> 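One structure follows; several queries about it will come next.
Model, not experiment: these values are computed from the prediction. Nothing fancy with the numbering, it's 1 onward along the sequence. All ligand and atom numbering here is 1-based and tracks the order in the structure.
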Amino acid sequence: IEVDAIDALVSFFEDLSGNLSLSSPVSGWIRTSDPCESKWTGIVCYDQTPSVKSITFESFNLSGTFKPNTICSIPSLATSIVFISLNNNNLDGENLEAVSNCKKLTHLYTSRNRFSGILPDSLSHLNNLKRLDISNNRFSGSLSSLPRISGLIEFIAQNNQLSGSIPEFDFSNLVTFNVSNNNLSGPIPPGGDLFTAASYLGNPQLCGDPLPNPCESETQRATPPNAAENSDDRKKSGPNSAEILMYSGYVLVGLGLFLVIVIKLCKKGTKKEELVEEGDNHRSKEDVDASQTPTFASNEFRSVAMSKSEVFAGNSVESGPVSSSLIVLTSPEVNGLKFEELLKAPAELLGRGKYGSVYKVKCEEHGMTLVVKRIKDWSLPSNDFKSRMKRLNHVKHPNLLPVVAFYCSKQEKLLVYEYQPNGSLLKFLHGMPTGQTFDWSGRLGVASTIAEVLAFMHDELHQDGIPHGNLKSSNILFNKNMEPCISEYGLMAINNPDNSPAIDIVNNTSQLNPDQIESAFRADIHALGVILLELLTGKRPMVQNNGMDLAKWVVSVVKEEWTVEVFDRALIREGASEERMVNLLQVAIKCVDRSPDSRPSINQIALMINNIKEEDERSMDVSESPFEIRN
Ligand SMILES: Nc1ncnc2c1ncn2[C@@H]1O[C@H](COP(=O)(O)OP(=O)(O)OP(=O)(O)O)[C@@H](O)[C@H]1O
């Protein structure tokens, strides 16, 4: 790295750090060392060229000033830095408009600081920006220029003092958008209703869909003059009371529908009520006759569903309040599948997990095989479940298995996925027929993909408080191209490896406070660490011979300096690089750290694993040269 860039970085950090002592030790950041070679804290460099890729100082208690001009005026830094995160410090800013000279920036995170003043217009020159988080500061001014950033997929700006109207963003491109608790006013622009009211609440002068208060012209049209007082009252009492009114309406509609269904069922006579036992399910005789083969449908599910067999295709999940018999199909591939067909189709029990049973269901007419997961006793209220489904449906990643349909009632919830023909990572690692191997580069590829998907999902769903909650090797499935996909994101109770009383046996994130949600995300990191350990050791995550779980066992062996002992013999035999296995092991051990706060962030983990993978790929290229000696 050039001297002027090093000088600029050191001055930049001096300005950031302020006078207070930092919450974590920082190494490097002196003029006599190189940021990439000496691995300065908070700096990540590119592998191929020694230049700075990202600067991350999250929760360091930095109390100085963010002066982007110091780094963004140096061409080599301005053209290399893509990621800056200064979340959760005590920073203020100076000459913030200069950040627009860092033209390559894709991520800019400045949440939870003391930034104030007008949000610089020049941010709109950051053409590559994908994610911008300025939440929880004191920024003022308008948002008018931001829609010019065409590729923006995340804009998080709640809890500031922003004013003026909301401009016309390309909402269909945004996956996260939150401007709640500002001073914004006027109507929510077209497309803004793709997000829920939570994205807009706390701006008393904002109106229109999805907020409960219509805009003035609409109010005048809808309410007689003598009702104006009432509508004012409603505004004063705040959106919560209005929301309550709205939801009460939904409840009434739901009750109405429920009554209709019950009456219809009664009219159908008692024939259907003759139940026969089948395993732990009660099924009607008629149903048993209809399909001699076992199906997955419980009587409760079947009776409600059969009385109202509907297929709701495409984005019907968006269409507002729904009755408890609703099944929503969100994938074009399953579009057109009749609900009865799904119910009657032959089903094979794949397993009974902690939270329910999983069935493979063959819908022959459609040439499709689906998987239905039946969860019992998940206390998440139906409305919360539906809004969670809606949110999850917005977040897509090619290596994340989406829910293609769902059903919910108070007693049970059904989730439908496409069947993945190549089994799970658990099976791949621990149930391979002898003679077959799962080689090092394959394992490293899986590790890097899972970390990348998890980083993406955490990024997308952190605001919503939705972690995976049940990440494990049986939930990593190989698709038809043998690519690993994470399944069951955000659907289950929260794993609690730390046995923290804070999140003990809670299965409804909406009941968690922010600290508990944070713990839940950190529990995902622990779970990822266990998967990395399974990949490295080839051992199951369960209790080992001596009564320890895998993480404890690995940590104890490494402490005794017998590190090589932990690796899967197959990897050693294959001649996998010991150095890179140790590097991955170090990442895994950090992930399973007993103190959740000491675990690295998912973005750091994804970067570290990716670096190991890139190094591995490079070494393979070079090793093809006859002069190369492999380590
Ligand atoms: N979409 C799918 N395609 C193929 N196999 C699947 C699919 N979903 C789940 N499975 C497999 O079905 C089996 C049972 O799944 P289940 O989710 O019940 O297991 P689990 O992950 O051990 O339990 P739980 O998630 O309830 O803790 C597992 O082997 C899983 O890999």
> Compute the shortest N/O to N/O distance between Tyr417 and ligand 1 and return yes if it is under 3.5 Å, no if not.
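N/O-N/O distance below 3.5 Å does not exist for this pair.
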
> For atom 3 (N) of ligand 1, state which one of Lys472, Lys360, Gln420 supplies the nearest heavy atom.
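That would be Gln420.
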
> Only heavy atoms of Leu401, strictly under 4.0 Å: list the atoms of ligand 1 that pass.
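Heavy-atom distances to Leu401 below 4.0 Å select 1 (N).
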
> Do Ser601 and Asn603 get their side chains close enough for a donor-acceptor pair, meaning under 3.5 Å?
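Looking only at side-chain atoms, Asn603 and Ser601 do not form any donor-acceptor pair under 3.5 Å.
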
> Under 4.0 Å, heavy atoms only, figure out whether ligand 1 is touched by the backbone of Leu426, its side chain, both or neither.
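The answer is neither; Leu426 stays 4.0 Å or more away.
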
> Working to the nearest 0.5 Å, report the span between CG of Leu528 and CD1 of Ile602.
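Taking CG in Leu528 and CD1 in Ile602, the distance rounds to 5.0 Å.
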
> Look at the aromatic rings of Phe177 and Phe155 and report parallel, tilted or perpendicular, splitting at 30° and 60°.
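Ring orientation, 0 to 90° scale: tilted.
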
> Does the pair Asp464/Arg388 count as a salt bridge with the N-to-O cut at 4.0 Å?
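Salt bridge: no.
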
> Can a salt bridge be assigned to the pair Arg580 and Asp616 using a cut-off of 4.0 Å between side-chain N and carboxylate O?
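So Arg580 pairs with Asp616 through a salt bridge.
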
> Check contact between Ile375 and ligand 1, using heavy atoms of the residue and a distance below 4.0 angstrom.
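Judged by the 4.0 Å heavy-atom criterion, Ile375 does not count as contacting ligand 1.
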
> Under a 4.0 angstrom heavy-atom cut-off, which atoms of ligand 1 come close to Asn470?
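Those of ligand 1 that fall under 4.0 Å from Asn470 are 24 (P), 25 (O), 27 (O).
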
> When you check the gap from the basic side-chain N to the acidic O, do Glu574 and Arg443 get nearer than 4.0 Å?
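Salt bridge: no.
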
> Enumerate the atoms of ligand 1 whose separation from the nearest heavy atom of Tyr419 is less than 4.0 angstrom.
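The atoms of ligand 1 under 4.0 Å from a heavy atom of Tyr419 are 3 (N), 4 (C).
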
> Roughly how far apart are Leu401 CG and Ser487 OG, rounded to 0.5 Å?
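Interatomic distance, Leu401 CG to Ser487 OG, rounded to 0.5 Å: 4.5 Å.
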
> What atoms of ligand 1 come within less than 4.0 Å of a heavy atom belonging to Ser424?
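Per the distance check, 31 (O).
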
> Using a 4.0 Å cut-off to any heavy atom of Glu418, which atoms of ligand 1 qualify?
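Matching atoms, with element in brackets: 1 (N).
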
